[in-house]
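Right, one structure below, let's go through it.
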Amino acid sequence: MQAQQAKKEAEEREKQRKRENAVISYTDEDYEVLLRMCRQRQGICDDKGKILVANVIINRVKSSRSGTYRDVVY
């Protein structure tokens, strides 16, 4: 039981470290929206195509007119 808790805490620390070192700020929901969008492209795009899709979404969010990741995707 303690090993599971320690593993979960380590995963949370790693997630927080990645978020702090990221070029853009994002929430767990933002990450899930981007991840779902890229997974939907699984059979359509290669990895480069998925990166391009994510870049378009991120750039639109960064513009002041677009709102949140969810707003851009949906």
Distance-only donor-acceptor hits, side chain of residues 8-15, under 3.5 Å, sequence neighbours excluded:
from: Glu9; atom 1: OE2; to: Gln5; atom 2: NE2; distance (Å): 3.1
from: Glu14; atom 1: OE1; to: Arg17; atom 2: NE; distance (Å): 3.2
from: Glu14; atom 1: OE2; to: Arg17; atom 2: NH2; distance (Å): 2.6

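- Residues that satisfy the salt bridge (charged side-chain N to carboxylate O under 4.0 Å, His left out) test with Asp47, not counting sequence neighbours, are Lys50.
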Listing, residues 29-39 side-chain donor-acceptor contacts under 3.5 Å, not counting sequence neighbours, or none:
from: Glu29; atom 1: OE2; to: Arg70; atom 2: NE; distance (Å): 2.6
from: Glu29; atom 1: OE2; to: Arg70; atom 2: NH2; distance (Å): 3.0
from: Asp30; atom 1: OD1; to: Thr27; atom 2: OG1; distance (Å): 3.4
from: Asp30; atom 1: OD2; to: Thr27; atom 2: N; distance (Å): 2.9
from: Asp30; atom 1: OD2; to: Thr27; atom 2: OG1; distance (Å): 3.2
from: Arg36; atom 1: NH2; to: Tyr74; atom 2: OH; distance (Å): 3.3

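- For Gln16, the side chain to side chain contact (heavy atoms under 4.5 Å, CB included) partners at least two apart in sequence or on another chain are Arg19, Glu20.
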Practice problem: Show the numbers, then the answer: is there a side chain to side chain contact (heavy atoms under 4.5 Å, CB included) between Tyr69 and Ile58? | Solution: CA-CA 7 Å; Tyr69 289 85; Ile58 291 167; 4.0 Å; yes

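- Evaluation of the side chain to side chain donor-acceptor pair (under 3.5 Å) rule for Asn55 yields no partner, not counting sequence neighbours.
- Note: Thr68 OG1 to Ile57 CD1 = 11.5 Å, rounded to the nearest 0.5 Å.
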